[in-house]
Structure formats: C-alpha cells, structure tokens
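Worth knowing before you read on, the calculation uses all heavy atoms, side chains too, and leaves out hydrogens, waters and symmetry mates. Atoms within each ligand, like the ligands themselves, are counted from 1 in listed order.
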Amino acid sequence: MKVLVTGGLGFIGSNFIRHLLKARPSWKIVNLDKQTYAGNPANLKGLKVETIKKDICDPKAVDRAMKGCDFVVHFAAETHVDRSILDAGAFLKTNILGTQVLLDAALSQQVRRFVHVSTDEVYGSIPKGYSKEGDHLEPNSPYAASKAAADLLVRSYFVTHKAPVLVTRASNNYGPYQYPEKALPLMITNFMEDKPFPQYGDGKQVRDWLHVADHARGILLVLEKGILGEVYNIGGSYTCQNRELIQRVLRLMKQPNDLVARVEDRKGHDRRYALDCSKLKRLGFRHAYGFDEGLRQTIAWYQDNEAWWRPLKVAGGYRSYLQKAYKRK
Ligand code: NAD
Ligand code: DAU
C-alpha cells in the first residue's frame, strides 16, 4: 500500500507516521508538507519517509505527490486558534482551498480512501452533553470555521462525486513533538524555565485531552475500517477545566501553585468541548493511554528534549505576535 500523508512535519502528522511505520511496516509513505513555522524536519529525524516540500494549494505538486497512492491522510492545516484571530487569511487558503485541491486530485488519481482529519471545534462550544457526528456545526473561531468549511466540502465531494472520503473529528491532542505555542507544551516548557503560564480569562474552559498516539490509532482504524462518507469523533480519556490542568502540571513538576499569570480572555473563547465517541468504539477503538500516565510521560518528554523545543521558543521572539492581544489582568 502507498499512502500520502499531508502535514507530516507537524505534531500529529509526524506521530501518525511513527505509528504507521510500526503498525504497517510494508506501506510506503509519502509526506507532502510546505514546512511552515509549524512544520519541523526534526519531527521525522531518522525515519524512512519521503518528504516533498510543497504547498497543498499547488495542484501540480499535489497531483505529482499523489501519483500511485492508495490512501490519503490529510493533516496539513493552519491550526492555532490565536493566530486565526489575529489573521485568518492563511487559514482559509490552506484549510479550505488546500482541501479542495487534494479532493480534486484524489478523484483524478482514483485513490481508494481519503481521510480528512478535523476537529471537535467545528461543533462549537457545548454547555452540556456530548457532540455527536450528526450534530449541527457552529464554529466560533476563524480556525474552526475554516475546518468546518473543509468538512462540508469533503461531504459534498462524497455526495456529488462519490469520492471515497471519511472525516475524523478529534479533541485536544497532547504528547511529544507539539509546537510550544499550544497550551500544554507552553505550560510545561514555561514551568521548566520558572515562568508563569498565561491563563486566559477565568480558566474554567473545559477541554477533552487525547493522547496523540491514541489519535493516530483512531485514524488508522477509520482509514481501514470506517464506512465511506461517514464522520467519526475521536475523543480523549480525560476532560477538565484549564485551571485544573494547570494545577495538576504544577504539582507534577513540583512548582508553586501561583506560577500562573491571569491574562485577558481569548476572543470568542469556547467554554466547553466534549465528544460522544460511541461510533468509533463500535469500530473497535479503545484508548491505550490514561491521562495520568500520558501526562507524566509527556512532561518527561519535554524535560528530556529541550534541544527540540528550545530553538522553537527562541526563534523570532517567542509569541511576540500575541503580546498585544493578551495583556496581564
Ligand atoms: P501542526 O500545526 O502541528 O502541523 C501542521 C502541519 O501542516 C505543519 O507541518 C505545516 O508545515 C503543514 N502545513 C501547513 N500549511 C500547509 C500547506 N499549505 N501545505 C502543506 N503543508 C502545510 O498541526 P497539528 O496540531 O499536528 O494538527 C494536524 C491536523 O489535525 C490539523 O488538520 C488540525 O486541524 C487537526 N487537529 C488537531 C488537533 C490538536 O489538538 N492539535 C485536534 C484535532 C484535530
Ligand atoms: O480541540 C481541538 C483543537 O485543540 C485543535 O483543533 C486545534 O488545532 C488545537 O490548537 C487545539 O485548540 P485549543 O484552542 O483548544 O488549544 P490551545 O492549546 O490553544 O488551548 C487550550 C486551552 O488553553 C484553551 O481553552 C485556551 C487555553 N490557553 C491556551 C494558551 C495557548 C490559555 O489559557 N493560555 C494560553 O497561553
């Protein structure tokens, strides 16, 4: 089997490739990645993968990369909500138009199965209960709106062209190789430097935490066993408020419980995400990671891999793009 992975130099894409190399060693993997600020060749260091450094919005490059592929697993995207609030342009281009370019290529190349990797953020903030795959979409950030638009485009290609597509919607991933602008790696690396974590607003926002290795297993399951045209939620094994997560990480890292800076809230900040994953479980999915074990292991990974994250934090003045947006309260 030959599989095209897009965005394989990023956090989840690189973890998925690691999983695939072990779980399906006979498969040939081609990785198409533009190598934006979030795409890091160090994430695939030492692995036997062909990487093509091109934009998914470039139809010729996409056609070439997809030649002879049986499967496509599409991760490439602009992914950070804060950046989408400051400037939505790249989000609409990559996340929507890039997906359209890939879908057109998948039709002309007659790929057998195409998994579009999406997010729980498309359902919007849900005050109670759990989002199911058929629920209506109510994205609140430009990032989430661009992902929802792509999800609907994928759906339209199934209905109109009978494209062999599947969509996965996952919750907040955590684990090794996550760019340290996202909450958990930012928190861990700040605490390693005795710096506070900037807590947005009251910290009562609820997120559902999914280990990236479980996400990778869920995606492979959907790729191989999912029903074409269907959407599958992939949720985590632990849900909590941000302020609880901060205190938990502080305790595990033996830091004082006041190493927190309360800053202004994120605009349009979703209060709660929660996924109903019974459909995925019916395909046979079970989590391999409990949150306690996964969190300890993740903290240890960042402690052991300072040489990986340090250059990312130093490059260009870390998070300077956010300094104006998030003032201390
Ligand atoms: P990431 O930001 O770590 O990596 C994104 C990758 O895509 C990078 O390697 C980047 O270089 C590449 N890329 C960006 N624009 C591109 C373009 N135009 N052409 C080619 N490559 C391009 O992202 P991530 O956190 O690994 O997320 C991967 C996917 O999973 C995204 O589609 C995201 O929406 C989805 N997702 C993420 C999470 C999460 O918690 N991180 C949860 C659910 C779903
Ligand atoms: O839910 C899935 C989504 O999870 C993915 O689709 C996105 O690509 C991914 O970035 C992530 O989005 P979030 O906005 O939930 O993740 P982030 O790590 O940015 O923030 C997690 C929570 O922590 C959120 O409630 C905002 C808060 N936060 C975040 C940062 C960066 C803070 O309080 N302070 C911070 O500095």
Side-chain angles (χ1 to χ4, degrees), residues 5-16 31-41 43-44 51-58 61-62 65 73-85 90-91 93-95 97-99 101-102 116-123 125 139 141 143-144 146-147 150-151 168-175 177-187 190 196-210 212 215 219 233-236 241-243 245-246 260-266 269-275 319 322 326:
V5 172
T6 71
L9 294 179
F11 164 48
I12 306 173
S14 62
N15 276 285
F16 178 74
N31 170 33
L32 177 65
D33 195 303
K34 183 182 169 185
Q35 207 177 318
T36 66
Y37 78 96
N40 187 351
N43 294 2
L44 293 180
T51 291
I52 301 169
K53 191 179 160 186
K54 289 282 183 190
D55 193 328
I56 57 163
C57 299
D58 173 349
V62 166
V73 184
H74 171 34
F75 296 94
E78 289 293 334
T79 61
H80 193 38
V81 172
D82 292 326
R83 288 180 188 257
S84 82
I85 294 167
F91 287 75
K93 195 158 176 277
T94 289
N95 300 2
L97 297 180
T99 301
V101 170
L102 285 162
H116 169 66
V117 178
S118 189
T119 170
D120 58 1
E121 301 207 7
V122 298
Y123 297 115
S125 193
S141 70
Y143 160 69
S146 70
K147 293 295 291 187
D151 286 20
T168 57
R169 294 189 182 134
S171 58
N172 280 66
N173 281 224
Y174 71 99
Y177 300 101
Q178 187 168 29
Y179 195 87
E181 66 185 349
K182 304 284 166 63
L184 202 47
L186 178 66
M187 204 179 289
N190 274 14
F197 174 73
Q199 175 193 292
Y200 297 164
D202 62 8
K204 292 185 185 171
Q205 305 81 11
V206 174
R207 294 292 182 271
D208 170 21
W209 294 97
L210 168 67
V212 66
H215 190 188
I219 290 170
N233 288 341
I234 308 181
Q241 292 186 346
N242 291 340
R243 56 184 191 163
L245 178 69
I246 298 168
V260 182
R262 286 179 157 236
V263 298
E264 280 172 22
D265 208 351
R266 176 184 272 175
H269 199 170
D270 284 337
R271 290 299 273 183
R272 178 175 178 269
Y273 304 133
L275 289 176
R319 278 166 59 97
L322 281 180
Y326 294 96

Can you tell me the protein heavy atom closest to [atom] and the distance?
atom	answer
atom 4 (O) of ligand 1	Gly10 CA, 3.4 Å
atom 41 (N) of ligand 1	Ile12 CD1, 3.6 Å
atom 40 (O) of ligand 1	Asn173 N, 2.9 Å
atom 43 (C) of ligand 1	Ala170 O, 3.4 Å

Does [X] reach ligand 1, in the sense of a heavy atom lying below 4.0 Å from it?
X	value
Asp33	yes
Lys54	yes
Phe75	yes

How many angstroms lie between [atom1] in [X] and [atom2] in [Y], if you round to the nearest 0.5 Å?
X	Y	atom1	atom2	value
Trp209	Leu245	CH2	CG	5.5 Å
Leu32	Thr6	CG	OG1	6.5 Å
Arg266	Asp82	CZ	CG	4.0 Å
Phe197	Leu184	CZ	CG	8.5 Å
Asp208	Arg272	CG	CZ	9.0 Å

Could you list the atoms of ligand 1 found under 4.0 angstrom from a heavy atom of [X]?
X	answer
Ala77	5 (C), 7 (O), 14 (C), 31 (C), 32 (O)
Gln35	11 (O)
Asn172	40 (O)
Ser171	40 (O), 42 (C), 43 (C)
Phe11	3 (O), 25 (O), 26 (O)
Leu9	9 (O)
Tyr143	33 (C), 34 (O)
Ser118	43 (C), 44 (C)

Next item on the list: Look at Arg271 together with Asp202 and state whether they make a salt bridge at an N to O cut-off of under 4.0 Å.
Entry: yes
Please confirm whether [X] comes within less than 3.5 Å of ligand 2 when only nitrogen or oxygen atoms on both sides are compared.
X	result
Gln205	no
Glu121	yes
Glu181	no
Asn172	yes
Arg207	yes
Pro198	yes
Val81	no
Thr119	yes

Any [X] side-chain heavy atom under 4.5 Å of [Y] side chain:
X	Y	value
Leu102	His116	no
His269	Gln205	yes
Pro139	Lys147	no
Ile56	Val101	no
Asn233	Asp120	no
Tyr123	Arg169	yes
Ile246	Met187	yes

Checklist line | Lys147 near ligand 2 by a heavy-atom separation under 4.0 Å | finding: no
Notebook entry, point to check: Does at least one non-hydrogen atom of His269 fall below 4.0 angstrom from an atom of ligand 2?
Noted result: yes
Next item on the list: Check ring pair (Phe, Tyr, Trp, His ring centres under 6.0 Å) between His215 and all other residues, then give those that pass, not counting sequence neighbours.
Entry: none
Next item on the list: Indicate the ring-plane relationship of Tyr143 and Phe91, choosing parallel, tilted or perpendicular according to the 30° and 60° boundaries.
Entry: perpendicular
Notebook entry, point to check: Considering only heavy atoms, does Leu186 approach ligand 2 within less than 4.0 Å through its side chain, its backbone, both, or neither?
Noted result: side chain
Notebook entry, point to check: At under 4.0 Å between heavy atoms, which part of Asp120 makes contact with ligand 2: side chain, backbone, both or neither?
Noted result: side chain
Item checked: Check: Gly8 main-chain N/O paired with Asn31 side-chain donor or acceptor under 3.5 Å -> yes
Notebook entry, point to check: So, Asn95 side chain and Glu78 main chain: donor-acceptor pair closer than 3.5 Å or not?
Noted result: yes
Notebook entry, point to check: Under 4.0 Å from any heavy atom of Gln199, which atoms of ligand 2 are there?
Noted result: 33 (O)
Notebook entry, point to check: With sequence neighbours left out, what residues match Arg207 under salt bridge (Lys or Arg N to Asp or Glu O under 4.0 Å)?
Noted result: none
Notebook entry, point to check: Based purely on interatomic distance, does Ala76 place a nitrogen or oxygen under 3.5 Å from a nitrogen or oxygen of ligand 1?
Noted result: no
Next item on the list: Name the option, out of Asp55, Thr6, Thr79, that contains the heavy atom nearest to atom 17 (C) of ligand 1.
Entry: Asp55
Checklist line | Option of least heavy-atom distance to atom 10 (C) of ligand 1 (set: Val62, Asn43, Thr36) | finding: Thr36
